[in-house]
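Here is the structure we will look at.
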Amino acid sequence: TVAEVLTVTGISNNLAGCAIDILADRYGGWGIDQSMFMKLVEEMGEVAEVLNKRAGRKASQENDLQELRGNINDIARGLNESVAAKVKAERMKTELITNVSHDIKTPLTSIINYSDLICREECENENIKEYASVLHNQSERMKRLLDDLVEASKASSGNIEIVLGKCDAGVMISQMSGEYEQRLSEAGLELVCTAPENDIYIMADGRRIWRVFDNLMGNARKYALRGTRVYVSLEAVGNNAVFTFKNISREPLSLDASELTERFVRGDKSRNTEGNGLGLSIAKSLAELQGGSFDVTVDGDLFKVTVSFSAI
């Protein structure tokens with residue numbers, strides 16, 4: 001029957017009854033025979049089947065989208081938890097280093113002060129003054145290491161105050177020349193500084209950026225080959241102010257450039273120099289916290305650092 005055809009083709013009983021009434025009213029009085037009527041009903045059923053399939057595909061797509069949305073939310077939740085855990089771990093590590101450093105520095109300060117007093121005392125036994133001098137120097141070195149360790153930890157975790165202000169990059173080059181020319185000369189090195197005649201300004205924290213430059217110049221004094229030159233230059237490249245530091249290394253640089261900015265990594269594998277392997281790490285972190293970039297390049301024995309800031 002017509003009702004059976006409509007039902008089999010996917011149309012509900014109520015809808016089938018309505019369809020029969022409508023079709024009978026519309027076509028019954030026009031002399032359409034039963035076969036034509038049945039064919040029309042079958043075509044109507046085919047249309048209904050297509051619509052049902054499309055509805056099914058749409059529902060399937062919605063289910064897939066819902067599942068995808070759930071997976072993305074799970075990934076985002078996992079990333080947030082991972083980042084939060086890492087931040088917490090870094091904060092706890094910084095607090096631990098700070099607290100331990102403070103506890104060590106208290107007795108260390110006493111050692112430094114009393115060893116200095118012993119060195120100043122008149123003593124017939126020269127060995128005592130020599131021992132006290134060694135003790136004083138090594139205690140001072142340990143104090144610097146503790147200070148650098150705390151600063152490196154704070155800088156790498158971003159737990160350090162940065163106050164940006166307008167700085168004259170050319171003036172910084174002039175200050176470096178006056179500050180380090182004599183020091184490098186005493187180490188058998190010649191400092192060559194170059195800067196453009198026009199003014200170049202950057203946004204930076206004056207105290208922090210000076211620490212970056214101080215670490216780089218100190219690194220050159222410790223590790224550059226005696227009898228060579230240390231080059232420091234400033235130039236405008238596009239919209240950036242680019243500081244470049246170059247020197248010839250005293251020791252072969254077998255490490256990858258990226259490794260040299262890791263904490264406690266030193267180009268001097270024998271570790272006979274006074275460095276502690278934190279200077280470049282601190283400089284890189286401080287430069288990036290101020291919105292700058294810090295890149296190390298090694299080409300044979302040539303050691304090059306490029307520090308770039310946006311010019312204003």
Side-chain angles (χ1 to χ4, degrees), residues 141 144 148 151-152 155 167-197 200 202 204 206-237 240-288 290 292-309:
R141 182 181 178 184
R144 289 194 298 271
D148 287 347
E151 185 172 15
C167 300
D168 190 330
V171 171
M172 294 179 181
I173 295 293
S174 300
Q175 290 176 342
M176 272 189 281
S177 178
E179 180 79 17
Y180 296 102
E181 186 175 11
Q182 181 62 32
R183 297 188 199 178
L184 294 179
S185 178
E186 293 172 356
L189 301 168
E190 180 184 352
L191 177 61
V192 179
C193 294
T194 57
E197 295 182 359
I200 300 177
I202 61 174
R207 185 163 64 97
R208 304 299 183 188
I209 196 173
W210 187 254
R211 179 61 194 270
V212 173
F213 297 153
D214 183 62
N215 284 8
L216 291 173
M217 299 303 289
N219 188 77
R221 184 178 63 82
K222 295 170 189 173
Y223 300 112
L225 179 65
R226 192 177 182 88
T228 60
R229 297 183 180 90
V230 176
Y231 293 90
V232 179
S233 65
L234 167 67
E235 58 181 334
V237 180
N240 294 326
V242 179
F243 299 89
T244 305
F245 299 78
K246 295 185 289 187
N247 66 265
I248 301 298
S249 174
R250 183 173 62 249
E251 302 290 338
L253 294 172
S254 57
L255 294 173
D256 185 75
S258 60
E259 295 182 61
L260 292 171
T261 55
E262 298 293 330
R263 280 179 278 185
F264 299 109
V265 173
R266 292 162 59 178
D268 174 23
K269 290 188 175 180
S270 62
R271 306 186 76 83
N272 291 325
T273 57
E274 59 183 288
N276 52 39
L278 290 171
L280 291 180
S281 174
I282 293 173
K284 178 179 174 65
S285 297
L286 289 178
E288 291 176 348
Q290 297 173 77
S293 64
F294 187 99
D295 299 305
V296 176
T297 304
V298 174
D299 185 2
D301 292 333
L302 175 63
F303 177 80
K304 177 182 175 180
V305 176
T306 303
V307 184
S308 178
F309 289 89

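Excluded from the calculations below are hydrogen atoms, water molecules and symmetry mates; all remaining heavy atoms, backbone and side chain alike, are included.
Taking Phe213 as the reference, Phe243, Phe245 meet the ring pair (Phe, Tyr, Trp, His ring centres under 6.0 Å) condition, with sequence neighbours excluded. Not a single side-chain hydrogen bond (donor to acceptor under 3.5 Å, both in side chains) links Asp168 to another residue, sequence neighbours left out. Residues passing the side-chain contact (heavy atoms from CB on, under 4.5 Å) test with Ser293, sequence neighbours excluded: Asp295, Ser308. With sequence neighbours excluded, the residues that form a side-chain hydrogen bond (donor to acceptor under 3.5 Å, both in side chains) with Glu288 are Lys284. With sequence neighbours excluded, the residues forming a side-chain contact (heavy atoms from CB on, under 4.5 Å) with Thr306 are Val242, Thr244, Lys304, listed by chain and number. Annotation: side-chain hydrogen bond (donor to acceptor under 3.5 Å, both in side chains) contacts of Arg211 (sequence neighbours excluded): Asp148, Glu151, Asn215. Considering only residues two or more places apart in sequence or on other chains, Asn219 meets the side-chain hydrogen bond (donor to acceptor under 3.5 Å, both in side chains) condition with none of them.
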Run the side-chain donor-acceptor check on residues 182-197: report pairs under 3.5 Å with partners two or more places apart or on a different chain.
{"from": "Gln182", "atom 1": "NE2", "to": "Glu186", "atom 2": "OE2", "distance (Å)": "3.4"}
{"from": "Arg183", "atom 1": "NH2", "to": "Glu179", "atom 2": "OE2", "distance (Å)": "2.7"}
{"from": "Glu190", "atom 1": "OE1", "to": "Arg229", "atom 2": "NE", "distance (Å)": "3.3"}

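Note that CE of Met172 and CG of Leu234 are 10.0 Å apart. Values are rounded to the nearest 0.5 Å. In this structure, CG in Asp214 is found 13.0 Å from CZ in Arg208, a value given to the nearest 0.5 Å. The CG atom of Asp301 sits 8.0 Å away from the CG atom of Leu225 when rounded to the nearest 0.5 Å. Of the inter-residue distances, the one linking Phe303 atom CZ with Ile248 atom CD1 reads 11.5 Å to the nearest 0.5 angstrom. In this structure, OG on Ser281 lies 9.0 Å from CG on Leu286, to the nearest 0.5 angstrom. Interatomic distance, Arg221 CZ to Asn247 CG, rounded to the nearest 0.5 Å: 12.5 Å.
A heavy-atom distance below 4.5 Å is found between the side chains of Phe294 and Leu216.
Shortest non-hydrogen contact noted between Arg250 and Ala224 is NH1-O, 3.3 Å. Here the closest non-hydrogen pair linking Val307 and Ala287 is CG1-CB, 4.4 Å. Ala283 and Val212 get closest at one heavy-atom pair: O-CG2, 3.6 Å.
For residues 173-193, no pair satisfies ring pair (Phe, Tyr, Trp, His ring centres under 6.0 Å), with sequence neighbours left out.
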